Protein chains: 2
Amino acid sequence: MSIEAPAPKTTRVRRTPEAARENILAAAEALLVSQGPQAIKLADVAKAAGVVHANVIHHFGSIAGVETALMERMIRQLAEKVLTALDRDDAVLGVGAQALFDAFEAKGAARLAAWLELTGEGARMTLVREVVEAIIDTRVARDTGVDREAAVDFVMLNIILAVGVGLFGPTLSALLGRPSERPRELALELIEGRLSASQQGG
Amino acid sequence: MSIEAPAPKTTRVRRTPEAARENILAAAEALLVSQGPQAIKLADVAKAAGVVHANVIHHFGSIAGVETALMERMIRQLAEKVLTALDRDDAVLGVGAQALFDAFEAKGAARLAAWLELTGEGARMTLVREVVEAIIDTRVARDTGVDREAAVDFVMLNIILAVGVGLFGPTLSALLGRPSERPRELALELIEGRLSASQQGG
DNA sequence: GCCTCTATTGACATTTTTGTCAGTACAACT
DNA sequence: AGTTGTACTGACAAAAATGTCAATAGAGGC
């Protein structure tokens with residue numbers, strides 16, 4: 001009987017650093033969306049990602065590192081989503097506004113925004129500013145013919161409303177006995193109303 | 001030299017149970033508003049309230065007890081604020097809507113709502129439902145003459161917008177280089193616009 | 001004044017969460 | 001095949017957060 005090479009205790013998945021980080025961040029995002037920021041614990045994130053918590057530390061240095069990386073990732077995804085949506089259908093403003101609304105109304109985006117706000121990291125939204133300015137420069141101002149400040153106001157209101165709907169729409173509509181899609185409909189009506197009003201007015 | 005009674009090691013403040021709870025909850029609320037839900041730690045709350053953390057446990061049983069008590073207190077305050085505001089100036093709908101808006105736009109209320117939502121405690125807002133229904137029954141439906149569902153929709157939209165402005169208005173306006181009061185103005189314009197539109201329409 | 005009740009405290013104990021480290025296993029390169 | 005680099009793991013250590021308990025000290029009633 002020859003002595004065999006000792007079998008590995010455990011068979012491991014070995015990812016590229018990028019894939020490993022992505023895997024962990026995806027798990028963390030799922031936790032954030034489903035259970036809130038408080039649920040982003042080292043052990044829980046690691047478990048959800050299918051790795052050991054020391055591995056999370058290895059890739060991000062600390063739990064705070066995971067948090068900031070997650071914030072940045074989500075913001076970047078949000079920005080890309082908005083830009084590609086605006087890009088695909090070369091929209092008139094109305095459709096552009098819908099794309100903007102869609103992006104911010106998404107549960108993940110809304111919760112990200114609330115998280116940033118509650119933790120005082122709202123300043124991290126700078127990427128969002130760039131996106132907004134890109135939108136305004138390339139679309140809104142052209143389509144409406146209104147001045148830049150009015151365009152910024154419009155987009156700002158759009159975002160506030162969208163995030164509000166994404167965050168509170170489900171709970172509020174359930175609480176008040178209204179259809180779950182109602183908040184979104186109402187908000188879009190409102191935006192369209194303002195749009196047509198401003199087109200008439202100026 | 002007579003033997004004196006040993007002086008107390010520390011001089012204590014002794015409150016009624018209600019006052020003690022109130023003191024602690026006020027400190028916790030300040031922490032919540034200024035630093036977010038994550039900042040509600042046993043030691044920090046106790047420190048802010050000027051007591052020892054064992055004392056917090058004594059009055060609330062656990063840190064979770066503090067959290068739920070704080071939620072309930074804030075919700076109750078919010079409800080009272082709305083109802084008294086509506087009560088004071090026997091308002092036409094426009095003013096009533098402003099009072100509603102004011103109450104929910106307040107930083108504390110907005111952050112409370114976001115906190116409840118993120119932690120999955122949105123269902124706690126039941127008191128809010130009662131308030132909304134009270135408003136609708138006593139004011140909105142009468143003033144506008146629209147049907148009940150439309151009134152509920154209107155109030156719901158009002159709340160979503162107000163909380164959105166309270167939560168994200170400051171950060172977004174700063175980020176986009178607009179005056180800090182602009183989000184509020186825009187939102188109120190929007191609400192008034194919808195109001196007059198619905199009064200014309202039905 | 002003395003007694004009783006309990007809000008309050010300090011010190012300790014437990015649990016939770018985060019971080020460290022030496023060693024192991026997978027992949028690429030020679 | 002051997003070598004090298006590093007993603008990965010298990011076990012341990014440290015820190016942070018929560019909770020327990022006996023003792024103390026205000027305040028009101030006797």
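Bear in mind the structure is a predicted one, so any value in this text is a computation, not a measurement. By convention in this document, chain letters (A, B, ...) are assigned in the order of the sequence lines, proteins followed by strands, and residues within each chain are numbered from 1.
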> How far apart are the closest heavy atoms of B:Asp147 and B:Ala150, and which atoms are they?
Replying inline: OD1-N, 2.8 Å
>> Which heavy atom of A:Val163 sits nearest to which heavy atom of A:Ala113, and what is that distance?
In response: CG1-CB, 4.0 Å
Restricting both atoms to N or O, compile the protein contacts to nucleotides 9-13 of chain D shorter than 3.5 Å, with distance only.
residue : atom : partner : partner atom : Å
D:dT9   : OP2  : A:Val52 : N            : 3.3

Whole-Å distance between [N] [atom2] and [X] [atom1]?
{"X": "A:Arg15", "N": "C:dA25", "atom1": "CZ", "atom2": "P", "value": "18 Å"}
{"X": "A:Lys47", "N": "C:dT16", "atom1": "NZ", "atom2": "C1'", "value": "14 Å"}
{"X": "A:Glu22", "N": "D:dA7", "atom1": "CD", "atom2": "C1'", "value": "17 Å"}
{"X": "A:Gln38", "N": "C:dT16", "atom1": "CD", "atom2": "C1'", "value": "14 Å"}
{"X": "A:Ile57", "N": "C:dG19", "atom1": "CD1", "atom2": "P", "value": "5 Å"}
{"X": "B:Ile63", "N": "C:dT15", "atom1": "CD1", "atom2": "C1'", "value": "15 Å"}
{"X": "B:Phe60", "N": "D:dA17", "atom1": "CZ", "atom2": "P", "value": "20 Å"}
{"X": "B:His59", "N": "D:dG19", "atom1": "NE2", "atom2": "P", "value": "16 Å"}

> Is the CD atom of A:Glu149 crowded by more than 12 outside heavy atoms at less than 6.0 Å?
Replying inline: no
> Taking the nucleotide of DNA chain C with the closest heavy atom to each, which residue, B:Arg14 or A:Gly61, is nearer the 5' end?
Replying inline: B:Arg14
Looking at [Y] and [X], is there a salt bridge between them, counting it only when a charged N and a carboxylate O are closer than 4.0 Å?
{"X": "B:Glu185", "Y": "B:Arg182", "answer": "yes"}
{"X": "A:Glu117", "Y": "A:Arg124", "answer": "no"}
{"X": "A:Glu22", "Y": "A:Arg15", "answer": "no"}

> Are the side chains of A:Val132 and A:Ile159 in touch, meaning some heavy atoms are under 4.5 Å apart?
Replying inline: yes
> Of B:Lys41 and A:Pro17, whose nearest nucleotide on DNA chain D comes first from the 5' end?
Replying inline: A:Pro17
> Contact class for A:Thr16 vs. all strands (heavy atom < 4.0 Å): base, sugar-phosphate, or nothing?
Replying inline: nothing
